[in-house]
Amino acid sequence: MVVFALGVLVIVGTLDVSAASSALGLGPRFFPILVGSALIVIGAFYTLDVLRGGRGDPEESEDIDADAPADWRSVGLVSGVFLAFTALLTTLGWIIASSLLFFGLSVTLGADNKVKAAIVAVVLGVVTYVAFVRGLGVTLPGGLLQGVI
């Protein structure tokens with residue numbers, strides 16, 4: 001039911017998104033509506049399954065200890081990285097802030113090679129910026145690199 005409600009919220013939130021009348025192509029509303037619709041369909045199937053008495057399969061994986069306590073330190077660090085990202089996004093811009101986000105998450109989650117993690121983080125930041133700004137026409141904050149990109 002939660003997945004279904006989340007899908008409805010995504011679609012309702014997307015209704016406020018407007019595109020320029022001269023915009024050609026899919027526009028900024030297409031993907032949120034697609035994701036929201038998928039959430040509604042999946043949520044409906046989950047709800048139907050639960051109402052019919054279905055339950056999730058028990059964990060049978062070898063490397064999972066169901067009795068192990070939660071790793072609250074990692075949860076706190078990941079939350080801190082996300083909060084820092086949201087605080088720095090408008091000031092630093094998407095490329096720098098998302099690169100710091102990807103690097104911080106990879107180190108927090110156990111990356112062994114920090115140089116490789118940093119390189120991958122910068123590449124991901126640039127690729128996502130180019131994909132959204134040039135590919136989809138979505139405006140992302142340029143921040144410190146405003147005149148360069």
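When the side chains of ILVMFWY residues are joined at heavy-atom separations under 4.5 Å, either directly or via intervening members, L77 and L101 end up in two distinct hydrophobic clusters. In the hydrophobic cluster analysis, where Ile, Leu, Val, Met, Phe, Trp and Tyr join through side-chain heavy atoms closer than 4.5 angstrom, V75 is grouped apart from F82. Grouping the Ile, Leu, Val, Met, Phe, Trp and Tyr side chains by contacts below 4.5 angstrom, directly or via other members, places L9 apart from F30. In this structure, I40 is not a member of the same hydrophobic cluster as L15, with clusters built from ILVMFWY side-chain heavy atoms closer than 4.5 Å. Hydrophobic clustering of Ile, Leu, Val, Met, Phe, Trp and Tyr side chains at less than 4.5 Å, counting indirect connections, keeps V127 apart from I96.
The ring-ring contact (aromatic ring centres under 6.0 Å, His included) analysis of residues 93-130, with sequence neighbours excluded, yields the pairs F85-W94.
Between the CG atom in L144 and the CD1 atom in I95 there is a gap of 11.0 Å [rounded to 0.5 Å].
In terms of heavy-atom proximity, A97 sits nearest to L89 at CB-CA, 3.9 Å.
For the pair F45 and D49, the minimum side-chain heavy-atom distance is 4.5 Å or more. At least one side-chain heavy atom of L100 sits less than 4.5 Å from a side-chain heavy atom of L92.
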Cut-off 3.5 Å, no hydrogens considered: what does the side-chain donor-acceptor table look like for residues 113-126, sequence neighbours left out?
unit_1: N113; atom_1: OD1; unit_2: V115; atom_2: N; d: 3.3
unit_1: N113; atom_1: OD1; unit_2: K116; atom_2: N; d: 3.2

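In the hydrophobic clustering (ILVMFWY side chains linked at under 4.5 Å, chained through shared members), V35 is joined by V3, L6, V10, L39, I42, Y46.
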